[in-house]
2 protein chains.
Amino acid sequence: MPENQPTISDRIQRELDRLTRAERQLAHSILENYPASGLGPLATLAKDANVSAPTVARMVQKLGFKGYPEFQTELREELRSKAKNPIAKHDTWAEGAPSGHVLNRFTDAVIDNIRHTLGQIDPDDFDAACGLIGDPDRALYIVGGRITHTMAEYLFLHAQVIRAAVTHIQSTSNTWPHYLLDVKEGDVFVIFDNRRYENNTLKLAEMAHAKGAKIVLFTDQWRSPVHHLADICFSSRIVVPSAWDSAATTLLLVETVIAAIQDQNWAQTKDRTERLEDMFDQTKLFRKFT
Amino acid sequence: MPENQPTISDRIQRELDRLTRAERQLAHSILENYPASGLGPLATLAKDANVSAPTVARMVQKLGFKGYPEFQTELREELRSKAKNPIAKHDTWAEGAPSGHVLNRFTDAVIDNIRHTLGQIDPDDFDAACGLIGDPDRALYIVGGRITHTMAEYLFLHAQVIRAAVTHIQSTSNTWPHYLLDVKEGDVFVIFDNRRYENNTLKLAEMAHAKGAKIVLFTDQWRSPVHHLADICFSSRIVVPSAWDSAATTLLLVETVIAAIQDQNWAQTKDRTERLEDMFDQTKLFRKFT
DNA sequence: AGAATTGTGTTACAAAAAGAACAGAAGTCG
DNA sequence: CGACTTCTGTTCTTTTTGTAACACAATTCT
C-alpha cells in the first residue's frame, strides 16, 4: 500500500498560486505552525491570520474540501497516521511475505506496543526502579503469575548473577510463608501481573506491602489491582493480532532493567560473574563461545 | 529550556487512578492515538471509546479543565510547542529521557534487531515450522538452555493449551531417557540455543535427530551447532548495549508462532481453551477480566 | 440482602460554530 | 477616468456541538 498521498500541507503549497491575497495570508498562517492552528475553530484561525471567517471557508473549498469540518477531519487523520509510523516505512518486516502475513502483522503490533509503552514511561521512575532493584542492601523478591512467571524467571536468572539476596517466589502459595518470614522493611518486590490478574499475586503483594517492602510492578495497560500498592508501576501495551497477549514489551523493559542494574553494580558484578562463569565451566555444563 | 510542564498525556496518566471505569476506558482511547483523537469533536471521541458524551465532559473537568473546548485548546498548544522544538523529532522512545538514556539506547537496539531478524526470515520456512509445531499428530518436545529455557517454557505454556502431546524437557539431563523413549519418527523438537551454546542441548538434539525427529531451532545470529541437524532454523540478532544478550526478538518469533498455530488449530483449540479456562475459574485462581 | 452512594447513559437545552447571502472595497481593463 | 470584475468583510440563518438536568444502573456499605 503506497499510501503516500500528498499531505494537506503539500496541497496548500501547490495551490498557493491560485489563491488570492487574503487566502495566501491565511495559508501562510496555517503553515506557520502546522498542523496545530488548523485544528482549532474556524474563527480563531481567521483571527490569527487577520482575515475574515468566510475567507477561511472559501479557501478550504478551493482546496477541494466540502467544508471546514472535512478539512479538519483530514488534518486529524493525517496527524493520526503520522503518529503511527515515525518508524521506518517498514510495511513489511519479513521481506518476501505479503504484508498481511502474520509475521508482518504481529511485528507491526509489537513495535507499536513498544512505542506506546516507552512513550508513557517516566525515566525518573525507571531510574528509581533500577535503584531499588539493583540495591544490594535490599533483599530482592521476584514474583510472577501463570504466564508471567517466565518473565519473573528471566529477571531472576540475570539478577541472581548481578547481585546477592535474590529470590524467585514461585506461584504455589504453600511456600510463601517461608519466604515472607524474612522480608524486612525496605526490601524490594518485583511483581509481574498481566491480565487476567491473579488473586494469588494480589494477596502476596498485600502481605509484602504490609511488611513495608517496596513494590515494583510490571503490568499491562489496564493495570493489575496490585498497582494500588506499588511504589513504581510500568504498564506495557500487550495487544497483538493473536488470541494471546504479548509479553515482548515487558521483556524489553526487563532486559533494559537488567542492563541498567548490571551497569550500576559493575564493580561487584564483575567479580560475581567471573566466579559464576568459572563454576559453569568447571561443571562442563556450558561451553565457551568460540 | 526546562519548560517541561507536564503534558496532557502525563496528566491523564497521573489521574488514571481517580477515574472511573468508563472514564478510564475513554482515557485509554485518547492515549491510543494521541493527540489526534482528542482534537476531534466530543461526540466522535465518545463514540470511539464507547462511552457517552457526558462522560467525556465529566472527565476533562476532572482533569482540571473548565470544559472540552479548553481541553482541546491546551492540546493544540501542546502540539504547537512540540512542533516548534526540533528536538522532539522522535529519535527518543521514552520522551523526557535524553537520547543517551539506556531506555532509548536499548530500545533502538532491539528494534534494530527485530528489523534485521525479520528481514532474513523466509516466510515459507516460518509457515513450515508452524505446520510442524501445530500438527497434533506429531508429539511436540520443547527444549531450552540455561537462559533460553524461559523462552521454551513460554512456548510450552501456550502450546499446551493449543494442542495435546506437548512436553517441556527441562535441562537436567537425568530425565532425558524417560522422554526420549517415546519419541517417534516425525515428532517435533523445538530447540532454543543461544550463545554460549550448551553441550547438553547439542547432545539432546543429536539423540532426537537419530530417532528421526524433526528439529526446529531458535538460535542467535551466529547459530548454534545444532543448526546442522535442524530442519528449520531461525536466527535472531541478540546484541544490545548490555553485558547480556537480548531475547526480545526470539520472544517475538515465538509469540508469532503461537498466534499462527492457534489460528491454524482454532477448531480444537477453542474447545481446549474453554475447558481450561473453566478449570482455572473453578479453582478461583484467576479472576475474570472486567 | 436492602439501602445509600456513586457512576453512567438518555433526553433536552443553550451556546457556538460554520455556511449562505449580500454589500462594500480593491484592483483592472477599456 | 469610469465601469466592470474580482475579492473581502459583515450580518444573518442553520446546523452542529457542548453542557446541564434527570433517571436508571451498578456498586458499596451496613
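Every chain is numbered from 1, with letters handed out A, B, ... down the list of sequences.
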May I ask you to check whether over 12 heavy atoms, not counting those of A:K47, lie within 6.0 Å of atom NZ? no
Whether the A:E255 and A:Y154 side chains hold a donor-acceptor pair (N or O, under 3.5 Å, no angle test) is what I'd like checked. yes
A:R58 CZ to C:dA21 C1': how many Å, rounded? 11 Å
Pick one: which of A:F218, A:F234, A:Y197 meets ring pair (Phe, Tyr, Trp, His ring centres under 6.0 Å) with A:F192? A:F218
In residues 64-73 of chain B, which ones come under 4.0 Å of DNA chain D, going by heavy atoms? B:G67, B:Y68, B:P69
Rounded to whole Å, how long is the line connecting atom CG of B:L45 with atom P of D:dT19? 12 Å
Any residue in residues 13-31 of chain A with a heavy atom nearer than 4.0 angstrom to DNA chain D? Just list them by number, or reply none. A:T20, A:R21, A:A22
Could you tell me whether the phosphate oxygens of D:dG9, OP1 or OP2, come under 4.0 Å of any side-chain nitrogen or oxygen in A:T55? yes
Once rounded to the nearest 0.5 Å, what's the spacing between atom CD of A:E15 and atom CG of A:L63? 6.0 Å
Parallel, tilted or perpendicular: rings of B:H101 and A:F126 (30°, 60°): perpendicular
Atom CE of B:M59 and atom C1' of C:dT8 are separated, to the nearest Å, by 15 Å
Donor-acceptor side-chain pairing of A:E78 and A:T7 below 3.5 angstrom: yes
From C-beta outward on B:Q61, which listed nucleotide comes closest to its side chain: D:dT10, C:dA17, D:dA20? D:dA20
Using a 6.0 Å distance limit plus a 45 degree cone around the ring axis, check whether A:R80 lies over the aromatic ring of B:Y34. no
So, are A:K62 and A:E23 salt-bridged, with charged N and O less than 4.0 Å apart? yes
Is a donor from one side chain sitting under 3.5 angstrom from an acceptor on the other, for A:Q221 and A:H116? no
Please list each protein N or O that sits under 3.5 Å from an N or O in nucleotides 11-16 of chain C, with the distance.
none

Charged tip of B:R76 within 45° of B:F71 ring normal and under 6.0 Å: no
What is the minimum heavy-atom distance between A:R14 and A:P6, and which atoms define it? NH2-CG, 4.3 Å
